[in-house]
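Below: the structure, in C-alpha cells.
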Amino acid sequence: MLNQVRGTHDLWGDSADLHTTILEQAQIYLSGFGYKEIITPILEWEDLFERTLGNTADIIRKELFRLVSRGDKDKEVVLRPEGTAPVMRAYLSHFMPPQHEKFMYRGPMFRYDRPQKGRQRQFYHVGVESIGSDHPWTEIETIAMALGFLNHLGIHDFQLELNTLGDEESRHAYTNVLVSYFSGCQSGLSAESKHRLLHNPLRILDSKAPEDQPLIQQAPLLQDSLTDVARDHFHTITSTLSELGIPYVHNHKLVRGLDYYSHTIFEITTDKLGAQGTLLAGGRYDKLAMLLGAKKPIPAIGWAMGVERVRLLMESSWKNNASTPAYALIPLDDSCIKASFDLAQTLRKEGFSITMLLEGKVNQKFKRAVSLGSPIALIIGPDEAASQTVSVKDLSSGEQKTMSPQDVIEHLQTQA
RNA sequence: GCGGGCGUAGCUCAGGUGGUUAGAGCGCCAGAUUGUGGCUCUGGAGGCCGUGGGUUCAAGUCCCAUCGUUCGCCCCA
C-alpha cells in the first residue's frame, strides 16, 4: 500500500464537512466586516518570502518546500508557507496604495516541519489583512472580529494575549537594551538562547528552557523602551478593549519570529491542544510593504487562524446538520433500475438528495440504507415499476406504504 | 534538525523470558429468513505481523536500518 505524504492528512465524512463549514463560515462572517476574499496562488517565488520573513527565520532556513525549477535558473519556486506576504504582493500590484483595502483568504499553506498534534506539513489558514489604515480602531476591530469569529464557531475556551513591539525606534532601542542585558549573563543562558542572542534576541523572551526563566524574569521590559507615540497607540488599544469588555492578558514576553511586525501583536491560545496551542495569531506589519519595494511604509494589520486546530477543538461537540443524509432508493432487481433512476431524477429536481443503491443483494441494500443514515427506504420492485408507484418504508418503525411519485414528494416534504 | 512511544485482519487491540497451524471484539460474507435492514443463533472469509537486512536450528517477539504515525523539543499564522 502506498503511504500518504508525510504530514498530510485525508479528510472525509464529518471531518471533511466540518473543515468545509469552517471555511464557508469564515467567508460569511468576515464579509460582515467588509472583508473580501482574495485568492492568491499556492506557488510563489522564494524571493517573496526571503525578503519578507527575514533569512534568519526558521521558515526560510529549513521549512520551505522548494520545487525543482525548470525555466528560471536563478529564481526558485516554493509552496507558500504563509499568506500575508502574498496578499501584500497582490495588493501592491493590483491596488492603489495607500487606499484602505480589506482582504480575507483561506487555503493550504506548506511547511516542512516535524508533524505533531495540530501541526501538519500541509495545513489550512483562514486569514485577514487590512492594508492602508494606521487607525488604532483598525486593530481594535480586527481583534474583536477574530474573537467574534471563534465565538461564532462555538469556541469560547481561549485566551487573548496582547503585546506591543512599538515602532521601529522603540524596537531598536529595546533590542540594544536586551542584548546588553543578556550579554552580561550569557553563561547562564541555554544553548538555544545563546544562538538567539546573535540572530533574534527578542525570541529569548519566549524560551521554554528552565535555565533561562530566572534571567527572563529579570529582563528589562519592552514597555520601558517605547516612544511616546508607540505608548499612546498601544494604550488606546488596551483601554478600548477594556471598555468593550474584551478580556485580554498583556503578555510582555509575547514576541514574533518574523521581522515585519511592529506595534500591536496578539495571539489567541488554548490549553486544549497540547504543545500547539495557538489558534490564531497576528499583528501590525507596517514595514512589510517596503520590503516588497514600496517607497513608504504602508500601515497594515492581519491575523491568520489554524483551521486544523480549530477543527480539532470543534470535532467532539459539532453536530453535522449541514448536509441532510441522502434518501436511499432501492431497486429490487436490475429490471427496476430504469424506473428507479427516473424517480431519483424527479425527486432531485424537487431538491431532495437521492442515492440509488445498486450493489449487493436486497437485504444488503436495506442494511446499507440504514448505515448511510437514510431515515426511509424508497423501494421499486417489478410491481411498483409496472404500476408506476413507489413503496416507502420507514426504517425506524418498519412501516411501509405504497404511493404515487407525487405523494412521495409530499411525504418527503413533511419529513424535512 | 533533536529526543521518547507505537506500526499485528477493514476498524480497535491481545500476543511473559524467541518454539509447531498468529488470536479476540466490532465489521464483512453465507444460512436459519428465495421482495425487506435492526435482535438472536450457526457457519465462513479475511494476515508478506509496515519494509529491508542481520543474529538463530527457529523471529510477530532480539539487533540494525528505513518508512509511516504519535507526543515533546525547536519553530510558527
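Computation of the quantities below employed the complete heavy-atom set of this structure, encompassing side-chain atoms and omitting hydrogens, waters and symmetry-equivalent molecules. Per chain, numbering begins at 1; letters A, B, ... match sequence-line order.
- When the P atom is used for both C11(B) and G47(B), the distance is 13 Å, rounded to whole Å.
- A donor and an acceptor atom, one from each side chain of S170(A) and S225(A), are nowhere located under 3.5 Å apart.
- Considering only side-chain N and O atoms, K361(A) lies nowhere under 4.0 angstrom from the phosphate OP1 or OP2 of U34(B).
- Contact annotation for I330(A): no contact, since no heavy-atom pair falls under 4.0 Å across all strands.
- Interface remark: the K393(A) side chain does form a donor-acceptor pair with the G37(B) base, using a distance-only criterion of under 3.5 Å.
- Taking only side-chain nitrogens and oxygens, R6(A) never comes nearer than 4.0 Å to OP1 or OP2 of C67(B).
- Between C29(B) and A14(B), the two P atoms lie 27 Å apart (nearest whole Å).
- Residue Q400(A) has no polar side-chain atom (N or O) positioned under 4.0 Å from OP1 or OP2 of U36(B).
- Separation of the C1' atoms belonging to A45(B) and C6(B) is 29 Å when rounded to the nearest angstrom.
- Remark: R311(A) engages E315(A) in a salt bridge (Lys or Arg N to Asp or Glu O under 4.0 Å) (not counting sequence neighbours).
- Close to G72(B), at under 4.0 Å from its OP1 or OP2, lies a side-chain N or O of Q116(A).
- By the 30° and 60° cut-offs, the orientation of the rings of H263(A) relative to H233(A) is tilted.
- Nucleic acid contact class of G127(A) (heavy atoms, under 4.0 Å, all strands): none.
- Salt-bridge check for E82(A) with R111(A): failed, with every basic side-chain N at 4.0 Å or more from each acidic carboxylate O.
- The separation of U21(B) from C74(B), taken at their C1' atoms, amounts to 50 Å, rounded to a whole angstrom.
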Let me have the donor-acceptor pairs involving side chains of residues 366-375 of chain A, under 3.5 Å, with sequence neighbours excluded, atom names and distances please.
{"from": "S371(A)", "atom 1": "OG", "to": "R368(A)", "atom 2": "O", "distance (Å)": "3.1"}
{"from": "S374(A)", "atom 1": "OG", "to": "A328(A)", "atom 2": "N", "distance (Å)": "3.0"}
{"from": "S374(A)", "atom 1": "OG", "to": "I376(A)", "atom 2": "O", "distance (Å)": "2.5"}

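- Within 4.0 Å (heavy atoms only), E129(A) reaches no atom of the nucleic acid at all.
- One C1' atom belongs to U61(B), the other to U17(B), and the distance between them is 11 Å to the nearest Å.
- G46(B) and C28(B) have their C1' atoms separated by 9 Å, given to the nearest Å.
- Interface remark: the R114(A) side chain does not form any donor-acceptor pair with the C71(B) base, using a distance-only criterion of under 3.5 Å.
- In this structure, D407(A) has no salt bridge (Lys or Arg N to Asp or Glu O under 4.0 Å) partners at least two apart in sequence or on a different chain.
- In this structure, G302(A) reaches neither bases nor backbone, as no heavy-atom distance under 4.0 Å exists between it and the strands shown.
- Taking atom P in both G68(B) and A30(B), the straight-line distance is 39 Å, to the nearest Å.
- Note on S371(A): nothing from the nucleic acid sits closer than 4.0 angstrom, heavy atoms only.
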Under 3.5 Å, side-chain donor or acceptor atoms of residues 149-162 of chain A against the rest of the protein: list the pairs with distances, not counting sequence neighbours.
{"from": "N151(A)", "atom 1": "OD1", "to": "H156(A)", "atom 2": "ND1", "distance (Å)": "3.0"}
{"from": "N151(A)", "atom 1": "ND2", "to": "L147(A)", "atom 2": "O", "distance (Å)": "3.3"}
{"from": "H152(A)", "atom 1": "NE2", "to": "Q25(A)", "atom 2": "OE1", "distance (Å)": "2.8"}
{"from": "D157(A)", "atom 1": "OD2", "to": "K272(A)", "atom 2": "NZ", "distance (Å)": "3.0"}
{"from": "E161(A)", "atom 1": "OE1", "to": "N251(A)", "atom 2": "ND2", "distance (Å)": "2.6"}
{"from": "E161(A)", "atom 1": "OE2", "to": "T269(A)", "atom 2": "OG1", "distance (Å)": "3.3"}

**Message:** In dot-bracket form, 5' to 3', how is RNA chain B paired? Count Watson-Crick and G-U wobble pairs only if both distances fall under 3.5 Å, and write | where the partner sits on another strand.
**Reply:** (((((((..((((.....[...)))).(((((.......))))).....(((((..]....))))))))))))....
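- Residue order along RNA chain B, read from the 5' end via each residue's closest nucleotide, puts I380(A) first among I380(A) and G282(A).
- The gap from the P atom of A32(B) to that of G37(B) amounts to 12 Å, rounded to the nearest Å.
- Base engagement by R119(A) is indicated by at least one non-hydrogen atom pair under 4.0 Å involving a base atom.
- For K253(A), the salt bridge (Lys or Arg N to Asp or Glu O under 4.0 Å) test picks out no residue, with sequence neighbours left out.
- Positionally, the nearest nucleotide of RNA chain B for L273(A) lies more toward the 5' end than for the other of L273(A) and E267(A).
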